[in-house]
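Here's the structure, in structure tokens; my notes come after.
Note that these values count all heavy atoms, side chains included, but never hydrogens, waters or copies made by symmetry.
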Amino acid sequence: MVNNKPIGIFDSGYGGLTVFRSIFNQLPQYDYIYLGDTARTPYGNRSFQTIHQYTWECVQWLFKQGCPLVILACNTASAKALRNIQQLDLKGQDPAKRVLGVIRPTAEVIGNYTKTKEIGVLGTKGTIQSESYKMEIGKFFPDVKVHQQACPLWVPLIENGEYDKPGADYFVQKYLDQVLAQSANIDTLLLACTHYPLIQQKITAYLPANIQVVSQGDIVAHSLVDYLQRHPEMESSISTGKTQRFFTTTDDTADFDFYGELFFGAKVQSGFAEIKC
């Protein structure tokens, strides 16, 4: 692996595979390595300090595999760790290395989806508490009002295979009712967690027809295409056509392969990644 220079894609578990799927569909020519920190998932309810520590350890592991560019395909890690990694941790690394997140590219375009200038953001407790989406969207669309709603039970339902069962409906409707109660003018809901596309059909079923649901995969993938076009020095440093899709997990590989296929939409065969704390 170290002889190649793949794009590294990191998530606390499986959710980032929905982003990886979109990235690979738009940019199939590059090599990739995906790391899911399933041994320490979920990140959503952990402290800023812990999430930063775990994320930085995983980013360093990906650097050691030869990755010049790492995408944090995790909203919680992007919200709670990316800033410190970019501003502090990378100073001790090769200056050519880069770490990007999913919040900024989403914030740059989400305001274009709403006609009423009011959107709802659905995410983990950690993402919502960070206020990252409110701050970032405000930079690009100061006239858009952002309503936030934490949905702490959605990820456990998804990762335990209960997301498509009738029992999940109660919790889907519960959080949707809570965010829509904040304003009758919301016309756009952003799925600010990469797990949530797996329940997007359920979400849509409980919404009025005038409210659209936006997931991040294609947005992040399009942003990466643009980034590589604007940074030819990075684009030329990424290897092509050797490893293609390479999956790794910090826990049981059989479990990762089973659940990973649900998120990625194709067969997944992973290897074990030892993260030394």
Side-chain angles (χ1 to χ4, degrees), residues 11 15-16 18-19 21-23 43-45 71-80 82-83 100-155 157-158 163 168-169 171-224 226-227:
D11 184 66
T18 63
V19 172
R21 179 177 60 198
S22 294
I23 289 174
Y43 280 18
N45 295 322
I71 310 297
L72 302 187
C74 173
N75 281 277
T76 304
S78 296
K80 290 190 170 185
L82 181 60
R83 184 180 299 273
L100 305 176
V102 295
I103 294 178
R104 185 180 180 90
T106 305
E108 287 177 345
V109 299
I110 192 62
N112 297 326
Y113 287 81
T114 176
K115 296 179 180 177
T116 63
K117 303 299 182 182
E118 293 197 36
I119 68 171
V121 176
L122 305 172
T124 65
K125 180 180 176 182
T127 297
I128 299 304
Q129 286 183 338
S130 74
E131 298 275 301
S132 295
Y133 273 100
K134 271 195 171 183
M135 291 186 290
E136 288 297 320
I137 293 171
K139 294 176 184 176
F140 300 102
F141 301 97
D143 59 334
V144 170
K145 191 171 184 179
V146 179
H147 306 275
Q148 299 191 109
Q149 179 61 48
C151 310
L153 291 177
W154 283 5
V155 168
L157 283 169
I158 292 168
Y163 66 95
D169 291 26
F171 295 103
V172 170
Q173 186 173 15
K174 175 183 177 179
Y175 297 132
L176 292 177
D177 288 346
Q178 289 176 357
V179 69
L180 295 181
Q182 297 179 38
S183 174
N185 293 322
I186 293 172
D187 71 346
T188 303
L189 287 178
L190 170 64
L191 303 184
C193 175
T194 53
H195 282 68
Y196 296 174
L198 268 69
I199 57 171
Q200 188 164 342
Q201 277 190 315
K202 275 189 184 290
I203 291 170
T204 303
Y206 284 103
L207 293 174
N210 65 305
I211 298 180
Q212 62 180 326
V213 179
V214 180
S215 58
Q216 296 177 286
D218 289 343
I219 292 173
V220 174
H222 181 76
S223 178
L224 180 58
D226 178 68
Y227 177 85

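- In this structure, Gln173 has no side-chain hydrogen bond (donor to acceptor under 3.5 Å, both in side chains) partners at least two apart in sequence or on a different chain.
- Looking at heavy atoms from C-beta onward, His147 lies in side-chain contact with Glu118 at the 4.5 angstrom threshold.
- Distance alone, capped at 3.5 Å, is enough to place a donor-acceptor pair between the Thr204 side chain and the Gln200 backbone.
- The shortest heavy-atom contact between Thr106 and Ile219 is CA-CG2, 3.9 Å.
- Counting only heavy atoms from C-beta outward, the side chains of Val146 and Leu190 never approach each other to under 4.5 Å.
- Across all non-hydrogen atoms, the minimal contact from Pro208 to Leu180 is CD-CD1, 4.3 Å.
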side-chain contact (heavy atoms from CB on, under 4.5 Å) between Asn45 and Thr124, worked out:
CA-CA 8 Å; Asn45 295 322; Thr124 65; over 6 Å; no
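- Checked for salt-bridge contact, Arg104 and Glu136 meet the test: a charged N lies under 4.0 Å from a carboxylate O.
- When the shell of 6.0 Å around NZ of Lys202 is examined, it contains more than 12 heavy atoms from other residues, nucleotides or ligands.
- The aromatic ring centres of Tyr196 and Trp154 sit less than 6.0 Å apart.
- A side-chain hydrogen bond (donor to acceptor under 3.5 Å, both in side chains) with Gln148 is found for one member of Gln129, Gln182, Glu131, Lys134 and no other, namely Glu131.
- For Tyr133 against Gln216, the heavy-atom pair with the smallest separation is OH-NE2, 2.7 Å.
- Taking CG of Asp218 as the start and OG of Ser22 as the end, the distance is 4.0 Å to the nearest 0.5 Å.
- Interatomic distance, Ile128 CD1 to Cys151 SG, rounded to the nearest 0.5 Å: 7.0 Å.
- Side-chain atoms of Leu72 and Asp11, non-hydrogen and from C-beta on, never get closer than 4.5 Å to each other.
- Side-chain atoms of Thr127 never come within 3.5 Å of backbone atoms of Gly123 as a donor-acceptor pair (strictly under, hydrogens ignored).
- Using modelled atom types, one finds no donor on one side chain facing an acceptor on the other under 3.5 Å when comparing Thr194 with Thr18.
- A donor-acceptor distance shorter than 3.5 angstrom exists from the side chain of Ser183 to the backbone of Asn185, with no hydrogens or angles considered.
- Minimum heavy-atom separation, Phe141 to Ile110: CE1-N, 4.1 Å.
- Considering only heavy atoms from C-beta on, Val172 stays 4.5 Å or farther from Leu157 through its side chain.
- With rounding to the nearest 0.5 angstrom, the CD1 atom of Ile71 is 4.5 Å from the CG atom of Leu100.
- Pairing each heavy atom of Val102 with each of Asn75, the nearest pair is CG2-OD1, 3.6 Å.
- The distance from atom CZ of Phe140 to atom CD of Glu108, rounded to the nearest 0.5 Å, is 4.0 Å.
- Taking NZ of Lys80 as the start and SG of Cys74 as the end, the distance is 10.5 Å to the nearest 0.5 Å.
- Residues Leu189 and Ile186 share a closest heavy-atom pair of CD2-CG2, 4.1 Å.
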Starting from the C-alpha separation in whole Å, work towards a yes-or-no answer on side-chain contact (heavy atoms from CB on, under 4.5 Å) for Val121 and Leu191.
CA-CA 6 Å; Val121 176; Leu191 303 184; over 6 Å; no
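- A 4.5 Å side-chain heavy-atom check between Val155 and Cys193 finds at least one atom pair inside the cut-off.
- For the residue pair Asp187 and Tyr113, no side-chain donor N or O sits within less than 3.5 Å of a side-chain acceptor on the partner.
- Atoms OG and CG, from Ser130 and Leu82 in turn, are 11.5 Å apart once rounded to the nearest 0.5 Å.
- With contacts defined as side-chain heavy-atom distances shorter than 4.5 Å, the pair Ile211/Thr188 does not qualify.
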